[in-house]
Amino acid sequence: MLVYLDKDIADSYFTEGKRIAVALSGGADSVFLLDLLCKAAKEKKFSLYAIHINHMIRGKEADRDENFCRELCKKLGVRFLCERRN
């Protein structure tokens with residue numbers, strides 16, 4: 001699954017025992033990246049964490065993004081870290 005990632009980066013950073021964090025907004029790009037890294041984590045045996053920042057600017061829409069990210073991570077078995085900052 002690392003076919004989409006630069007081989008030098010994958011071989012250097014995504015190694016067994018490493019802890020990798022990915023910023024997760026809930027948008028298509030970050031969801032795709034999370035899915036890609038989730039598959040790579042199983043293959044390369046590294047720990048994956050998703051970080052979401054809810055800036056609380058967009059009210060309920062921001063809360064929906066946070067909940068979507070939380071549920072997605074639960075489904076994928078990825079540790080989810082969230083900060084709420086106004």
Nearest 0.5 Å, what's the CG-CZ distance between Asn54 and Arg70?
9.5 Å

So the side-chain hydrogen bond (donor to acceptor under 3.5 Å, both in side chains) pairs with at least one residue in residues 73-82 (sequence neighbours excluded) are Tyr49-Arg79

Applied to residues 46-57, the salt bridge (charged side-chain N to carboxylate O under 4.0 Å, His left out) test, sequence neighbours excluded, yields none

My understanding is that only residues two or more places apart in sequence, or in another chain, count here; which of them pass side chain to side chain contact (heavy atoms under 4.5 Å, CB included) with Glu16?
Lys45

State the CD-NE2 distance between Glu83 and His55, to the nearest 0.5 angstrom.
10.5 Å

Please list, chain by chain and in numerical order, all residues satisfying side-chain hydrogen bond (donor to acceptor under 3.5 Å, both in side chains) with Arg84, sequence neighbours excluded.
Asp63, Glu66

Sequence-distant partners of Ile51, side chain to side chain contact (heavy atoms under 4.5 Å, CB included), two or more places apart:
Ala21, Ile53, Leu81

Atom CG of Leu76 and atom CG of Leu24: how far apart are they, to the nearest 0.5 Å?
9.5 Å

For Asp65, all residues meeting side chain to side chain contact (heavy atoms under 4.5 Å, CB included), sequence neighbours excluded:
His52, Arg58

Closest heavy-atom pair, Phe80 versus Cys69, reported as atoms and distance to 0.1 Å, is CE1-CB, 3.6 Å

Residue list, salt bridge (charged side-chain N to carboxylate O under 4.0 Å, His left out) with Arg19, at least two apart or on another chain
none

Go through the steps for Phe68 and Val31 under the test side-chain contact (heavy atoms from CB on, under 4.5 Å), then give the verdict.
CA-CA 10 Å; Phe68 170 78; Val31 169; 3.7 Å; yes

The criterion is side chain to side chain contact (heavy atoms under 4.5 Å, CB included); which residues satisfy it with Val22, sequence neighbours excluded?
Leu33, Leu34, Leu37, Leu48, Ala50

Enter the distance from Ser30:OG to Leu72:CG here, rounded to the nearest 0.5 Å.
9.0 Å

side-chain hydrogen bond (donor to acceptor under 3.5 Å, both in side chains) against Ser47, all qualifying residues, sequence neighbours excluded
none

